[in-house]
Structure formats: C-alpha cells, structure tokens
Protein chains: 2
Amino acid sequence: MKLHQLRYLAAVADNELNITAAARALGTSQPGVSKQLRLLEQELGFDLFDREGRNLTRLTPAGRRVLERARRILDETRNIKRLSEEFRDERRGSLSIATTHTQARYVLPAVIKQFRREYPEVKLHLHQGTSEQIAQLAAEDRVDFAIATGSDEQFPGLVLLPCYRWHRDIIVPAAHPLSRLERPTLKDLSRHPLVTYVFSFTGPSSLAGLFEAAGLPMDVALTARDADVIKTYVRLGLGVGIVACMAMQEGEDQDLVTLDGSHLFPEHVTWIGVRRGRMLRNYMYDFMRLFAPHLTRRIVDQALRAGGGAATAQVFEPVRLPRY
Amino acid sequence: MKLHQLRYLAAVADNELNITAAARALGTSQPGVSKQLRLLEQELGFDLFDREGRNLTRLTPAGRRVLERARRILDETRNIKRLSEEFRDERRGSLSIATTHTQARYVLPAVIKQFRREYPEVKLHLHQGTSEQIAQLAAEDRVDFAIATGSDEQFPGLVLLPCYRWHRDIIVPAAHPLSRLERPTLKDLSRHPLVTYVFSFTGPSSLAGLFEAAGLPMDVALTARDADVIKTYVRLGLGVGIVACMAMQEGEDQDLVTLDGSHLFPEHVTWIGVRRGRMLRNYMYDFMRLFAPHLTRRIVDQALRAGGGAATAQVFEPVRLPRY
DNA sequence: TACAGTTACGGACCGCGTAAGCATA
DNA sequence: TATGCTTACGCGGTCCGTAACTGTA
C-alpha cells in the first residue's frame with residue numbers, strides 16, 4: 001500500500017468515479033491511476049469498485065470503508081505538510097477563507113486590515129459564496145476556514161466555532177413614513193413592499209414564516225443576494241429594506257434611516273467552520289482571535305479535538321456570545 | 001513523503017532513537033533507515049532529531065509534532081490492513097488478548113471455549129501480565145485488547161469498556177474457626193494471619209488502608225500474585241485467604257470454605273481496554289459480547305468514537321454494570 | 001466515432017543492501 | 001576497539017508516460 005495509491009482512490013471518488021478526470025486532476029496519466037488502483041485492489045484482496053464493463057459504477061461497501069480510512073491518512077499528510085510550513089517560517093503562508101457577501105463586504109475588511117499589518121507575508125484568499133457552498137469548501141479542505149451564518153448541522157465534517165450574534169435591521173429612505181417610527185411592528189412593515197435577501201426565505205426562521213405566524217400579508221418587491229443591491233433599490237423607493245445589522249455601519253449610508261429590528265427578527269449566529277482534525281497554523285489562530293476575541297487558542301483546540309469523532313457538525317458554545 | 005519514511009520515524013522513536021536497533025526491528029538495513037530519515041528531514045525543511053555528533057539524542061519539538069501525526073497515519077494503515085483481512089474472510093484472523101492471572105485462569109476459559117466453537121479459524125493469543133503491562137501492550141497496539149482491573153486513567157491511548165463488578169471473598173479450610181461465621185468482620189479477620197494478593201497493597205483501596213482506617217492490626221503471612229498460590233497456602237493452614245470472588249467457582253475447591261466479602265471490601269470493575277481509533281474485526285465485537293453481554297456493537301462503536309480525542313483514558317459507563 | 005479503461009513497453013528514478021569511511025566513548 | 005551514523009555504489013524493482021488495444025454509447 002502506497003500513499004499515492006490512497007491519493008488516487010480519493011481522487012477517483014472525488015471525480016464521480018471517472019479515472020480519466022481523476023488523472024487529470026492529479027496531473028498524471030490515466031493508465032497510471034488505473035493500474036495503481038488495480039494493484040491496490042490486488043493487495044487488499046477485494047474490489048474497491050463495482051464495474052460495469054470497464055467503467056466504474058460505484059464503490060463497494062469495502063471500498064467505502066477503505067476510502068474513509070484513506071481520507072484520514074491523506075488529511076494527516078496534509079497536516080504534516082502544514083507543520084513543515086509552520087516550522088520553516090511561521091510568518092509566511094496562505095490563508096484561504098470562504099465567506100458570504102455580508103462578511104466579506106462589511107465585517108472582514110477591518111479584521112483583514114489588522115491581520116495584514118500583523119502578517120504581511122501571509123497570502124490571503126477570499127472566496128465568496130452561499131453558506132452551503134462555503135461549508136462545502138471547508139469540508140473538502142479547499143479553504144482553511146469558512147465564515148458564515150446558519151446551516152448548522154448540515155456539515156458533519158466541520159467544527160463550527162460561534163463568533164457573534166446578530167439580527168436584521170430595517171432601512172428606509174429619510175422621507176419614508178416608517179422613518180419616523182421608533183419601534184416599527186410587523187404590522188407596520190406589512191403595509192409596505194419589502195426588499196430583502198433571497199435566503200431570508202429559506203429555513204425555519206424565514207421572514208415568510210414570521211409574517212405568516214402573525215397572520216399578516218407580505219409584499220416582497222425584490223429579493224437580492226446582498227445588502228448593496230438591497231440598499232440601491234431602497235434608495236430608488238422600491239420598498240423597505242431588511243438587511244443584516246452588520247451592513248449598516250457608522251458614518252455610511254447617511255441618506256438612509258436604520259431602524260433597529262432586534263425586537264422583530266430572530267437572532268442569528270455567525271460561525272467560523274473548520275474541517276475536523278485539521279492542523280491550524282499559528283496565524284490562523286491569530287486571525288480567529290481578531291475576528292472573535294473569545295476564540296482563544298485553548299478554546300479552539302478544545303473544540304477541534306472534541307469534534308474528533310462526531311457524526312454531525314460540532315458547535316462549541318461559549319459562556320456568552322458577543323453581539324455584533 | 002513516503003509511508004515507509006513515517007514508519008522509520010516511528011520505529012526510531014520506539015527504539016530509543018537508535019537507528020541500528022530500529023533497522024533491525026524493521027528488518028531492513030541501517031543505512032537505508034538513516035538515509036530515508038535524512039530525506040524526510042530535507043523534504044520537511046527542518047530537523048526531526050537533535051544530534052550530538054552522529055548520534056540522535058532526542059526528538060525536536062517539530063519532530064514530536066510530526067511523529068504524532070505519523071503515528072495516526074500508521075494506525076490507519078494498520079486499520080486498512082485489518083479491513084482487508086475482514087473482507088477477505090471474516091471468520092479467519094487472530095485475536096490477541098493481554099490479561100491478568102485471574103481473568104486468564106477463572107473468567108476467560110468459559111468465554112474462550114464458546115468463542116472457539118463460534119470461530120474455530122481465529123487464532124488466539126493470550127498474554128499474561130500485570131494491569132500496567134497489559135494496558136501498555138494494548139496502548140502500543142501489540143494486542144487487540146487488554147482485560148484487567150483498576151489502573152483507570154493511567155493510559156491516555158486507551159478506551160476502557162467496563163465489563164462487570166466484583167469483590168474479594170474470604171477463604172479458609174473447613175476446620176478453621178472463621179468458617180463458622182456468616183458475616184465475618186474486619187475485626188475477626190485481624191485476629192488471623194492473612195494470605196492475599198501482592199497488588200492488594202497498592203492503591204487507595206488497599207487492604208492495608210482498610211485495616212488502618214478501622215484502627216485494626218493486620219498480620220500478613222504471605223502475598224502472592226495469583227489465587228492458586230493463595231489457595232495452596234490457605235490449605236496448608238498458613239492463614240486466611242482473601243481472593244477475587246471469580247477465583248472461587250461452583251464445584252471446585254470443596255475442601256475450602258468461601259465467605260462472602262462484599263460487605264467488607266470495596267467493589268472493583270474489570271474492563272476491556274481498546275486502543276483508541278482502532279478498527280475492530282467482527283469477531284472481536286462478538287468476543288466482547290460473550291465476555292460482557294451489555295457491550296453491543298453499537299455501544300462499543302460509540303465509546304470508541306467518543307474516545308477519539310481525549311487526553312486521558314475514556315471510560316464508558318453503562319446504565320447498570322452487572323456483578324460477576 | 002467519441003469515450004473510458006486496460007495492456008504493453010521503454011526509460012527514469014528510487015530504495016535496498018553491501019562495503020567502506022568516520023566520529024565518539 | 002567497539003558502536004553507531006554517514007557516504008558511496010551497483011542492482012533490481014517500480015512508477016510514469018506514450019502508444020496501441022478493447023469495449024461501449
């Protein structure tokens with residue numbers, strides 16, 4: 001059994017059992033992969049794949065078990081590689097973060113500014129996507145961590161570290177009748193067309209559910225994927241905007257009035273998701289501290305260790321989670 | 001990085017950093033090991049070992065971190081090998097158990113008899129030793145499991161599965177004055193010389209501690225490592241024997257009188273210890289069931305998984321632990 | 001005919017073992 | 001002088017890529 005045989009096995013599994021595609025992804029030849037898999041099957045004494053003619057159709061039960069172990073081995077080889085980078089130069093490396101628009105646009109800039117001052121030699125990579133895409137990227141070890149909200153428990157490979165709580169606010173142009181209210185109610189809102197996030201309509205804490213539970217009608221004028229678009233259309237008078245409170249920052253958007261929505265909308269928690277069992281570079285711990293000061297190295301290590309064997313995403317619950 | 005380089009690293013660490021000894025243990029040449037370790041260090045970019053002249057004196061901190069990861073990888077390769085054996089023929093294989101005299105002599109025979117009927121093709125290996133030696137063997141992956149009593153929390157690499165509770169009994173020749181008592185007290189015992197286990201004198205639940213707490217003198221005539229020796233000297237009239245209740249079985253030792261000691265001596269728990277993260281063969285689960293019926297596959301898997309990342313030995317506590 | 005996997009083959013590389021060299025106690 | 005690591009070197013196996021072949025949609 002060779003490491004690269006396990007690597008080939010994983011690559012084939014990750015490429016819909018297409019050996020050619022796997023070989024391309026591995027940067028090697030297709031016959032090589034084919035042969036090494038055969039050799040591995042021969043050494044183990046059983047088939048890893050079911051075959052129809054020459055094509056692979058699926059993993060055998062035994063193959064799934066082997067793949068599971070192989071992945072752990074490959075994870076650890078990557079961790080050793082990271083160790084090597086860490087001990088060579090702990091101030092140099094790369095940090096890949098997958099995150100949502102809201103984080104990337106409003107929350108992360110301040111953190112990243114400080115991080116870059118601290119670690120000028122660390123190359124940063126930001127990937128924007130939906131919560132699901134983000135968690136997926138982290139679970140596949142293609143980014144160092146994911147920063148997102150919601151979707152707990154959907155990703156068994158991840159350990160989720162809660163960072164802060166937040167809520168939605170209401171935004172209107174200064175001239176809008178709602179701008180004069182201190183504490184608008186759902187009923188007030190239901191009298192105006194709404195402009196909000198697409199994903200506010202999925203899940204149990206959806207806006208739709210909220211209005212329905214209150215027996216109120218809801219008129220949605222526009223759904224967008226990010227707060228910038230929402231703000232634009234609120235300015236055009238298309239309706240009342242509902243955005244994450246992080247999107248409204250001191251000194252910006254002076255033409256809009258922000259009304260606190262914490263009494264109307266449920267709280268959300270933004271977390272950092274790390275693939276279970278992953279080794280973190282020193283600067284990654286420091287990044288977490290900058291993003292969420294309660295995430296000390298001790299706390300993070302403990303959460304990562306505890307998440308070692310569970311079937312669902314692990315959520316570490318601090319004593320008191322700060323509000324944004 | 002190659003698997004065998006990691007294997008060499010582990011072997012050198014396991015042989016007091018003596019490359020020659022490691023090479024011998026690996027069945028390969030010393031220069032080969034030396035060279036591969038150098039290559040690994042070169043690839044990683046830092047030293048794994050501190051050297052004085054040409055001799056290795058200790059692992060570097062980085063080396064320790066790498067070794068830790070390497071061991072996990074090697075564990076998983078062994079697990080894959082076990083998978084291979086399991087899928088080739090789930091009724092054939094080997095089962096190595098390290099255990100104490102009491103288990104091997106009195107408890108295991110019945111279990112093993114039934115196990116051999118069920119799995120005639122599984123080769124059995126029994127290793128006898130003290131609790132500490134036993135736990136050590138399991139922690140080093142040199143046996144499949146350890147069966148012993150006490151010594152909890154001493155072996156961070158092990159998951160301990162409690163099997164049954166037991167206590168010590170008192171044995172005397174039929175003619176002995178104590179044989180007429182229903183419920184002898186510590187005071188009764190203190191009037192006679194005692195014959196018991198060596199290891200009953202270590203630890204917090206020691207006999208010595210018991211007598212001392214009661215303010216009673218204790219006269220120890222003989223200490224032995226096993227119940228057979230104790231019985232022999234009790235028969236010679238050397239004193240009153242104190243042995244594990246498992247050592248007194250129905251229909252045997254008819255010349256001796258057994259007095260229940262559960263009201264005098266504290267309870268002990270016998271466990272099966274398994275190295276954390278280890279894959280178990282089907283027949284190993286079955287062996288556990290035979291030994292302790294409450295250890296179902298589900299329960300064992302759960303305990304093994306939960307023990308994935310803890311720093312001390314994990315003890316799985318069932319709702320109700322049977323008495324022997 | 002395009003596509004995917006297997007078989008065949010030559011070349012490069014690599015790890016092993018032997019033998020010799022060198023440092024330390 | 002014994003022990004233990006390193007260097008040097010030749011052999012054999014292995015892995016890779018190319019090319020040709022085979023079976024399937």
Side-chain angles (χ1 to χ4, degrees), chain A residues 1-60 62-63 66-67 70 73-74 77 80-81, chain B residues 1-60 62-63 66-67 70 73-74 77 80-81:
Chain A
M1 189 173 56
K2 301 282 163 52
L3 270 181
H4 67 257
Q5 292 174 330
L6 302 181
R7 223 167 262 133
Y8 289 3
L9 167 61
V12 169
D14 289 340
N15 285 275
E16 293 98 44
L17 304 187
N18 182 322
I19 295 186
T20 307
R24 196 163 34 232
L26 289 162
T28 185
S29 72
Q30 177 272 318
V33 176
S34 185
K35 184 168 186 194
Q36 291 305 318
L37 288 179
R38 289 291 200 182
L39 280 174
L40 181 56
E41 288 182 319
Q42 209 175 317
E43 180 180 346
L44 293 176
F46 51 80
D47 285 354
L48 296 167
F49 304 98
D50 283 332
R51 292 172 167 82
E52 268 175 24
R54 309 195 145 199
N55 291 38
L56 312 187
T57 54
R58 56 183 176 177
L59 281 163
T60 60
V66 174
L67 175 61
I73 289 176
L74 298 174
T77 65
I80 290 178
K81 217 153 269 146
Chain B
M1 190 173 58
K2 300 282 162 55
L3 270 181
H4 66 257
Q5 293 174 329
L6 303 181
R7 223 167 264 135
Y8 290 3
L9 168 61
V12 169
D14 289 340
N15 285 275
E16 293 96 45
L17 305 188
N18 182 319
I19 295 185
T20 307
R24 199 165 30 233
L26 289 162
T28 184
S29 72
Q30 177 271 319
V33 177
S34 185
K35 185 170 186 193
Q36 291 305 318
L37 289 179
R38 289 290 200 183
L39 280 174
L40 181 55
E41 287 182 320
Q42 210 175 317
E43 180 179 346
L44 294 176
F46 52 80
D47 285 355
L48 296 167
F49 304 98
D50 283 332
R51 292 173 170 81
E52 269 176 22
R54 308 198 147 198
N55 290 38
L56 312 188
T57 55
R58 57 183 174 177
L59 281 164
T60 60
V66 174
L67 175 60
I73 289 176
L74 297 174
T77 65
I80 289 178
K81 217 154 270 147

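Worth saying up front: this structure is predicted, and the values here are computed from it rather than measured. Below, chains carry the letters A, B, ... as their sequence lines are ordered, and counting in each starts from 1.
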note = So, with a heavy-atom separation below 4.0 Å from DNA chain D, the residues of residues 5-23 of chain B are B/Leu17, B/Asn18, B/Ile19, B/Thr20

inquiry  = Measure CZ/B/Arg24 against P/C/dG17 and give the value in whole Å, please.
reply    = 14 Å

ask   = A/Ala21: what forms a side chain to side chain contact (heavy atoms under 4.5 Å, CB included) with it, not counting sequence neighbours?
value = A/Asn15, A/Asn18, A/Arg24

request  = Pull out every residue in residues 36-54 of chain A that has a heavy atom closer than 4.0 Å to any atom of DNA chain C, ordered by number, or say none.
outcome  = A/Arg38, A/Arg51, A/Arg54

message = Could you walk me through whether A/Leu44 and B/Ile80 satisfy the side-chain contact (heavy atoms from CB on, under 4.5 Å) test, starting with their C-alpha distance in whole Å, then the side-chain angles of each, then the deciding distance to 0.1 Å, before giving a yes or no?
response = CA-CA 8 Å; A/Leu44 293 176; B/Ile80 289 178; 3.8 Å; yes

task = Drop me the distance from B/Ile73's CD1 to A/Thr77's OG1, to the nearest 0.5 angstrom.
result = 5.5 Å

inquiry  = Just verifying a value: how many Å separate B/Leu48 CG and B/Thr60 OG1, rounded to the nearest 0.5 Å?
reply    = 6.0 Å

task = Report which part of the nucleic acid A/Lys2 touches: base, sugar-phosphate, or nothing (heavy-atom distance under 4.0 Å, all strands).
result = sugar-phosphate

ask   = Which nucleotide, D/dC5, D/dG17, C/dC16, lies nearest any side-chain atom of A/Ser29?
value = D/dG17

task = Measure from the side chain of A/Gln30, starting at C-beta and using heavy atoms only, and say which of D/dC15, C/dG5, D/dG17 lies closest.
result = C/dG5

message = With ring pair (Phe, Tyr, Trp, His ring centres under 6.0 Å) as the rule and sequence neighbours excluded, what pairs involving residues 14-45 of chain B come up?
response = none

inquiry  = Please list all pairs meeting ring pair (Phe, Tyr, Trp, His ring centres under 6.0 Å) that have one or both residues in residues 13-36 of chain A, counting only residues at least two apart or in different chains.
reply    = none

Donor-acceptor pairs under 3.5 Å, side chain of residues 3-12 of chain A to any protein atom, not counting sequence neighbours: which ones?
| residue | atom | partner | partner atom | Å |
| --- | --- | --- | --- | --- |
| A/Gln5 | OE1 | A/Lys2 | N | 2.9 |
| A/Gln5 | NE2 | A/Gln36 | OE1 | 3.0 |

task = Let me know, please, whether A/Lys35 or A/Asn55 comes out on the 5' side of the other along DNA chain D by nearest nucleotide.
result = A/Lys35

query = Below 4.0 angstrom from OP1 or OP2 of C/dG17, is there any side-chain N or O of B/Thr28?
reply = yes

task = Test side-chain contact (heavy atoms from CB on, under 4.5 Å) on B/Phe49 and B/Ile19 and set out the steps.
result = CA-CA 12 Å; B/Phe49 304 98; B/Ile19 295 185; over 6 Å; no

